[in-house]
Protein chains: 2
Amino acid sequence: MSNTRVLPLLEPVGAEAVAPCCPPLTERPFTAEEAETAARMFKALGDPVRLRLFSAVASHEGGEACVCDISDVGVSQPTVSHHLKKLKDAGLLTSERRGTWVYYRVEPSVLAAMGRLLTIAPAAS
Amino acid sequence: MSNTRVLPLLEPVGAEAVAPCCPPLTERPFTAEEAETAARMFKALGDPVRLRLFSAVASHEGGEACVCDISDVGVSQPTVSHHLKKLKDAGLLTSERRGTWVYYRVEPSVLAAMGRLLTIAPAAS
DNA sequence: TGTCTATGTTGACGTCTGTCGAATCAAGTG
DNA sequence: CACTTGATTCGACAGACGTCAACATAGACA
């Protein structure tokens with residue numbers, strides 16, 4: 001029901017390892033290596049179908065959804081599978097087969113890292 | 001050239017107020033229209049060269065830099081111009097010619113809207 | 001076993017994208 | 001004016017991308 005705000009991915013904000021690939025975009029110019037890493041993630045979300053799939057998974061109850069629940073995005077089933085694979089390869093989703101269905105789940109740390117990239121916070125820490 | 005243009009990511013709702021194009025990715029599944037808008041922005045940052053250029057501008061003094069200061073990213077000058085144009089078309093940068101040089105500047109509100117997309121925190125900001 | 005449903009993989013096709021060299025435009029200087 | 005430097009546009013090309021139909025695979029169930 002209330003899947004807003006109670007997602008498991010918003011819990012870890014304390015002192016957990018979040019794999020900080022890069023500093024905020026506004027902190028200093030990215031190196032070529034940092035840009036390569038970060039661009040891979042942005043690129044994965046740079047397609048409308050993938051963005052809808054990712055959003056569908058992320059907003060689903062428990063931050064997890066089976067393909068059957070999110071595959072109504074206007075493209076064929078193989079295309080859905082193709083995009084889910086891309087999101088998985090980009091490290092944004094993980095998948096797990098449980099019986100008949102395959103469940104996809106967001107990677108909270110990556111989402112947090114991406115959000116930090118776009119943070120304008122001075123963060124003089 | 002023009003410094004005031006309608007940014008794709010923001011919908012003007014008043015004199016100065018702007019509203020984000022989309023809710024956080026985790027709030028609810030994106031509609032096709034929202035995904036189209038947001039994906040355009042992610043796509044613009046989905047290239048390493050563009051990401052470096054954007055980061056270079058965003059981290060430069062005053063959030064502004066001339067092309068001559070940021071064009072050392074390993075590609076030819078036409079390619080740099082090509083990518084800057086893409087970032088501009090995506091609404092992430094604005095440009096202005098002052099004498100000999102052309103200065104690019106980040107759009108803070110757009111950056112904030114992007115960050116909000118990836119924010120898991122509740123809306124009570 | 002066999003069949004049905006749910007996903008993933010393969011191969012192919014048209015389109016988009018990143019890149020460069022050359023030409024062009026814009027502004028300053030002599 | 002001609003000349004130089006900074007920046008964009010043009011034309012072309014190789015490679016990547018999104019899409020689908022067809023096929024393959026995994027599990028459930030009779």
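Owing to the predicted nature of the structure, the values given are computational and were not obtained by experimental measurement. All chains are named by letter (A, B, ...) in the order of the sequence lines, taking the proteins before the strands, and each is independently numbered beginning at 1.
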Audit row: B/R105, B/E107, salt bridge (charged side-chain N to carboxylate O under 4.0 Å, His left out) steps and yes/no: CA-CA 7 Å; B/R105 167 176 286 278; B/E107 206 54 49; over 6 Å; no
Measuring to OP1 and OP2 of C/dC20, would you say a side-chain N or O of B/T79 lies under 4.0 angstrom away? yes
Residue-phosphate contact under 4.0 Å: B/T100 side-chain N/O, C/dA27 OP1/OP2: no
What is the distance, to the nearest angstrom, from the CG atom on B/L84 to the P atom on C/dT19? 12 Å
Side-chain atoms of A/S76 come closest, of C/dG8, D/dT19, D/dC20, to D/dC20
Write down the distance between CG (B/D47) and P (C/dT17), rounded to a whole number of angstrom. 11 Å
May I ask you to say what A/K88 touches in the nucleic acid, namely base, sugar-phosphate or nothing, with a heavy-atom cut-off under 4.0 Å? nothing
Can you tell me how far the CZ atom of B/F54 sits from the CG atom of B/D47, to the nearest 0.5 Å? 14.0 Å
Calculate the interatomic distance between A/L87 atom CG and D/dC17 atom P; express it in whole Å. 13 Å
Just to confirm, is there a sub-4.0 Å distance from OP1 or OP2 of C/dT19 to any side-chain nitrogen or oxygen of B/H83? yes
So what does A/R50 touch, heavy atoms closer than 4.0 Å: a base, only the sugar-phosphate, or nothing? sugar-phosphate
Rounding to a whole Å, what distance do you find between A/D69:CG and C/dA6:P? 11 Å
Using a heavy-atom cut-off of 4.0 Å across all strands, would you classify A/Y104 as base, sugar-phosphate, or nothing? sugar-phosphate
Whole angstrom value for the distance that separates C1' of C/dT17 from CZ of B/R40: 17 Å
Provide, to the nearest angstrom, the distance between the CZ atom belonging to A/R98 and the P atom belonging to D/dA28. 13 Å
Atom NZ of B/K86 and atom C1' of C/dT19 are separated, to the nearest Å, by 12 Å
Hey, is the side chain of A/K43 poking within less than 4.0 Å of OP1 or OP2 on D/dC17, counting only N and O atoms? yes
Of the options C/dG21, C/dG18, C/dT7, whose atoms approach the side-chain atoms of B/P78 most closely? C/dG21
Among the nucleotides C/dG8, D/dT19, C/dA26, whichever has the atom closest to the side chain of A/V49 is D/dT19
Length of the NZ-C1' vector between A/K85 and D/dG18, whole Å: 15 Å
Basic-acidic side-chain contact under 4.0 Å: B/E64, B/R98: yes
With a 4.0 Å cutoff (strictly under), does any side-chain N or O of B/W101 reach OP1 or OP2 of C/dA27? no
The criterion is side-chain hydrogen bond (donor to acceptor under 3.5 Å, both in side chains); which residues satisfy it with A/T100, sequence neighbours excluded? none
Are there more than 12 heavy atoms of other residues, nucleotides or ligands under 6.0 Å from atom CG of B/D72? no
D/dG6 base / B/Q77 side chain donor-acceptor hit below 3.5 Å: no
